[in-house]
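Contents: one structure, followed by commentary.
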Amino acid sequence: MRAFRPMPPQVDLPALEHEVLARWRDRDVFARSLKQSADGPLWTFFEGPPTANGKPGTHHVEARVFKDLFPRYRTMKGFHVPRRAGWDCHGLPVELEVEKRLGFTGGKKDIEAYGIAEFNARCRESVEEHVDEFNRLTERMGYWVDLDEAYWTMNAPYVESVWWSLKQIYDKGLLVQDHRVTPYCPRCGTGLSDHEVAQGYYDVTDPSVFVRFPVTSGPLAELGAALLVWTTTPWTLISNTAVAVHPAVTYTVVRVDGEVLVVAEPLVAKVFGDTPVEVLRTMAGSELEHTTYDRPFDLVDIPGAHYVGLADYVTVDDGTGLVHQSPAFGAEDLLVARRYGLPVVNPVTLDGHFDASLPLVGGLFFKAADAPIVADLEARGRLFRRENYTHSYPHCWRCDTALIYYALPSWYIRTTEVKDRLLEENKRTRWYPETIKHGRYGDWLNNNIDWALSRNRYWGTPLPIWRCSGNEGEGAHLTCVGSLAELSALSGTDVTHLDPHRPYIDDVTLTCPQCSTTATRVPEVIDCWYDAGSMPFAQWGAPHRNAEEFERAYPAQFICEAIDQTRGWFYTLMAIGTLVFDRSSYETVLCLGHILDEQGRKMSKHLGNVLDPFELFERHGADALRWFMLCGGSPWSSRRVGDRALEEVVRKVLLTYWNTASFLVLYANANNWQPSSAAPHYSDRPALDRWALSQLHAVVAEVDAALDDFDSARAGRALAAYVDDLSNWYVRRSRRRFWDGDPSALATLHECVEVLTRLLAPFVPFVTDEVHERLVRDVDPSVADSVHLRAWPAVDDALVDVELGEHMALVRRLVELGRAARADAAVKTRQPLARAMVSAPGWSRLPAVLREHVADELNVRALDTLDPAAAGTGGDLVDVTAKANYRALGKRFGQRTPAVAAAIADTDATVLAAALRTGGSATVTVDGEAVTVGPDDVVVSETPRAGWAVAAAGGETVALDLELTDELRRAGVVREVIRLVQEARKAQGFDVSDRIELWWEAEGETAEALAEGARPLAGEVLATTVTHGRPNAPLADHPVPELGLTFWLRPIG
RNA sequence: GGGCCUGUAGCUCAGCUCGGUUAGAGCGCUUCCCUGAUAAGGAAGAGGUCGAUGGUUCAAGUCCAUCCAGGCCCA
């Protein structure tokens, strides 16, 4: 016969987790969970690869917990859920990390001096190092994902897949070279990422100039009007290409001081102040479209330009509402220029100086050109006004040079060409929460702009385009290569084993298939977000390798990341899927809120409020952190995490659960009980057992439904409530049956804990597996050797008893009221009372066995019905009040509800209540009209008067008879002594089943009580003898001065 | 500047889909009580203009509008 291993009530959860981890490794549980589900329906999940550029933080744990829960849940439901880890290896974040480590401050110059081969080798090392830490994190937190077969975006097969996809896009004519405006440091010779730019903002004072652009066509020209244009970057006027106005803003043509100017109507007062203006006419901005003007400078050639265009981004907050456009130096300007097919002319060279051949500004640093430009405008009568303007402007965080927004040639994917397809794909995607779909994400798609794909950097997937030398510039032939094998064929050398990174790939040249001249690779690498978005196929190396596996697992049924990925991974996945396969790569997406610190701030290195996940694991356990993330609030709202929240999880949920199991083991072993022991059929078990099972199956249904809807918090609430019900009601009320080894109670609790363990397993995989091991596996080797290999519990509708649930809820409410009444009267529960009287709807239908629980919890000898109408049952003790039930009345009476409610209040409550009780209805008078109301329309409360301890709430009343007889008092003393002896047993470390001998000495009422109550006392404290008198052995005495009592005890044997 | 999310007790959060008159729970605090598993449990108390204003309605934390604050993303 196998006994359960003893389960200490106190447990070191982090230590336990390490043991469980070792067992998972030994038994290869994760791999077996996949193997055993291999024939089940496939449920596909894609892992979003974290960027391996720093230590993993607590926010990484968040997404990974959710990415673990749902696959575990689905696996238990019989689905096959393969999951492969992935690492995002490329990109500027990695480069910056390495630059910092190498002590570089000079940007690209330092890297090139160091050597690209060496630099990229350092990047690779850095990635490998950080992936090691992510592996540790992943394992420790219990995130089951295949780490051995992880995809790395820097591996050659992955890069080849990415190339293949780019070639598909290229072949569709959607991968093109164009210009892109980026914040650019002219000293370092590099563009800066947003993140870098954000670090270098500070206030500077620039000239703010209003310039006249005389109109040269149309009716405005006849008026001799000039557009009044405002800018804070006079140096960009050299390359003025157009003027933008807002189509919906009203523009005014005014005569001021004898000249005619065009200004946005809302800005007239601001621009001209007190100067009198004469409004000649007004027009919508859209009417100004294509109005030509005489440009401010004629130093560079800009063909086909210089007219008014429309742009929604124009505001009337500052300036004149007419915005000067210089497409090479402004992102919005460039967009406008694109739409109108305007040329992008850039007179500033890469070092930030104007082309030396230009008059006026030739060779000047761009900022230094402001002064001569403003002077020249003034000299030519073009300057309307000049002011100084202080604003925030970005500078290079490395060298403090003012940044220039600068158009660099760049490679684009024309995502705008497939925008409609993207919108359609989004339409059929299920978003959690739903609002993202048409809100944040839908919005982003609607404003889709072409994807700027290239980066002028080093550590990234090289753009697989080779340009021939046959024709200069635009006319050169381009060759896009889709694999190393293809590259081998084109280059005539075997490069299938080449590292496809810079600088090695740069050395591969090929013969242009069109003109036979030598072609070399373009220098750019690609945006690492493209790498990540390629994972659906690239994780397999598809289609070059594992094409079938890819086909089977596309698209994913489920992906899950935090909300910042809407414009990141969620977008690139959908965009690449749609571009390459004409189908988004996922069907359902769970979008998480962010984890914040205890002050509600985002966690960031900068603020120093980052919580080290490993410390949290060792302090509270991974289960605690998992439960908090999953159940501490809605998945999609942001939540604050801290030690205190985790301590609460441990105490309230994990330890309560553990202790319930520990309790079961204690009494199962004490009574030689096993799961195989005979137990009564469900229907023959006591109501309390049937209630526990009924609640259990209601919870199974609730958790199942909640997880189906990806609402882990809702599931967690149901589970936590059940843990509490089980521990603090079922076990509490059943204790005596456990002491007696009642097989019904033991079987019921075992079943409840066992099913609960399976429900909890995907949430808190460690502690549940340990409980499963001890409670199930140890005593039945035929069961799977991990809870994670078990099936998800099925709901047994036959066990769900709704009426019983309602009855028990009433019992618990009445107990609460009784306790409140006792507390109010300052009569402790240990003091038995003769009776309690109850008045509550449903009380008459409450089965006797359930009434017993009320009596027992309240320690009263009898329960009576409080009936104000019947003499001798408390009628003289109660006040009756009747209140309208608005919900019921509102449906029937609508607008007259308050009048009916008032009528009910005006009617004598005793009469009303009596009528409702005897006749089932009552009549009240509303505005002289008789209205019939039923029992549901009125909430009757009966409140006993003085002399009783009473508590009432929501129409339910419990009254305690406080009169104490000597017999009751003595029974109270016995119960007091029982508790003291129990406390002494516990303090001396006796086992719960140890028998003892007991001696006592006392006087007066205490002596009387103990003499009378020796038998119950002996039974309760497991005493084989209860002796009045001192022991003759030297035992420690237990004095109780309040009772005039001293007792002694010792264990037998 | 735009879009979205959030705002309920000192703190963490339910409740809002589908409106019902005493707005709940946990943590923390005070006082009691219970204890034959528990780091637990229970009762009472203190603690709320349910972000603000207006509207719809017999009735608004809940529906509508506007505004404010914080967050996220974008500019």
Side-chain angles (χ1 to χ4, degrees), chain A residues 7-11 194 312-313 315 317 331-332 433 435-436 438-444 446-447 562-568 593-594 596 598 600-602 628 631-634 636-642 644-645 647-648 650-652 654-667 670 713-714 717 720-721 724 727-729 731-732 735-736 738-739 815-824 826-830 857 859 883-891 893-901 951 953-954 978-979 981-983 985-986 990-994 1020-1022:
Chain A
M7 276 175 82
Q10 287 170 12
V11 61
D194 291 350
D312 286 337
Y313 85 91
T315 70
D317 299 332
E332 286 139 333
T435 52
I436 308 272
H438 296 297
R440 183 183 287 219
Y441 188 75
D443 240 43
W444 158 255
N446 268 319
N447 296 314
I563 190 159
D564 52 294
Q565 295 297 332
T566 38
R567 284 94 200 276
H594 278 129
L596 308 173
E598 274 183 311
R601 297 171 307 182
K602 191 181 174 180
F628 176 79
C631 308
S634 148
W636 29 84
S637 67
S638 53
R639 267 155 308 130
R640 304 181 181 194
V641 64
R644 291 195 335 181
E647 280 164 17
E648 192 183 329
V650 170
R651 280 209 323 272
K652 302 282 296 187
L654 302 180
L655 287 182
T656 306
Y657 161 70
W658 175 268
N659 276 301
T660 304
S662 158
F663 175 90
L664 171 62
V665 164
L666 187 61
Y667 289 102
R714 192 179 125 205
R717 273 196 297 279
D724 190 66
S727 170
N728 291 317
W729 186 253
V731 169
R732 174 189 172 85
R735 274 200 189 115
R736 197 162 295 270
F738 285 100
W739 306 340
V815 167
E816 260 181 51
L817 287 170
R819 284 184 185 137
R822 271 191 176 271
D824 202 37
V827 179
K828 50 176 66 169
T829 313
R830 276 197 296 277
E857 272 294 305
N859 197 15
K883 246 176 86 180
N885 178 6
Y886 280 88
R887 189 167 214 152
L889 293 176
K891 287 202 172 64
F893 298 104
Q895 289 202 8
R896 292 172 66 208
T897 304
V900 178
I978 289 169
R979 191 186 65 83
V981 175
Q982 303 289 27
E983 223 164 58
R985 283 180 57 115
K986 196 170 170 185
F990 297 173
D991 197 85
V992 291
S993 56
D994 287 343
E1020 287 295 314
V1021 302
L1022 301 185

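None of the values given here were measured: they were computed from a predicted structure.
- Between A/Asn859 and A/Arg822, the closest heavy-atom pair is O-NH2, 3.2 Å.
- Across B/G28 and B/U12, the matching C1' atoms stand 11 Å from one another, rounded to whole Å.
- Taking only side-chain nitrogens and oxygens, A/Lys986 comes nearer than 4.0 Å to OP1 or OP2 of B/U38.
- Residue A/Glu647 is out of contact with every strand shown, counting any heavy-atom pair closer than 4.0 Å.
- The phosphate of B/G41 (OP1 or OP2) has a side-chain N or O of A/Lys652 nearer than 4.0 angstrom.
- With both ends at atom P, the span from B/G10 to B/U6 equals 22 Å, rounded to whole Å.
- Contact annotation: A/Arg830 side-chain N/O to B/U35 OP1/OP2 distance is under 4.0 Å.
- With both ends at atom C1', the span from B/A23 to B/U66 equals 26 Å, rounded to whole Å.
- OP1 or OP2 of B/A37 lies within a sub-4.0 Å distance of a side-chain N or O belonging to A/Tyr667.
- Between A/Glu647 and A/Lys652 no salt bridge is recorded (no basic side-chain N to carboxylate O distance below 4.0 Å).
- For the pair A/Gln982 and A/Arg985, the minimum side-chain heavy-atom distance is below 4.5 Å.
- Here the separation of B/C74 from B/C67, taken at their P atoms, is 25 Å to the nearest Å.
- Here A/Leu1022 lies in heavy-atom contact (under 4.0 Å) with a base.
- For B/A60 and B/C16, the C1' atoms lie 11 Å apart once the distance is rounded to whole Å.
- Nucleotides B/C27 and B/G55 are separated by 38 Å at their C1' atoms, to the nearest Å.
- The separation of B/G48 from B/U38, taken at their C1' atoms, amounts to 33 Å, rounded to a whole angstrom.
- For A/Arg735 and B/A37, the shortest distance from a side-chain N or O to OP1 or OP2 is below 4.0 Å.
- Distances shown here put every side-chain N or O of A/Arg819 at or beyond 4.0 Å from the OP1 or OP2 atom of B/A43.
- Within the structure, a side-chain polar atom (N or O) of A/Arg651 is placed less than 4.0 Å from OP1 or OP2 of B/A40.
- The interatomic distance linking A/Arg887 (CZ) with B/U21 (P) rounds to 7 Å, in whole Å.
- Nucleotides B/C4 and B/G42 place their C1' atoms 44 Å apart, quoted to the nearest Å.
- Residues satisfying the ring pair (Phe, Tyr, Trp, His ring centres under 6.0 Å) test with A/Phe663, not counting sequence neighbours, are A/Tyr667, A/Phe738.
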Check nucleotides 57-63 of chain B against the protein and report each pair of N or O atoms closer than 3.5 Å, with its distance, or say if there are none.
unit_1, atom_1, unit_2, atom_2, d
B/C58, OP1, A/Gln895, NE2, 2.4

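- Helical stems in RNA chain B, defined as runs of 3 or more consecutive Watson-Crick or G-U wobble pairs with donor-acceptor distances under 3.5 Å: B:1-7 with B:68-74, B:10-13 with B:24-27, B:29-33 with B:41-45, B:51-55 with B:63-67.
- With the nearest nucleotide of RNA chain B identified for both A/Ala821 and A/Ser727, A/Ser727 has the one nearer the 5' end.
- Looking at heavy-atom distances under 4.0 Å, A/Thr566 makes no contact with the nucleic acid at all.
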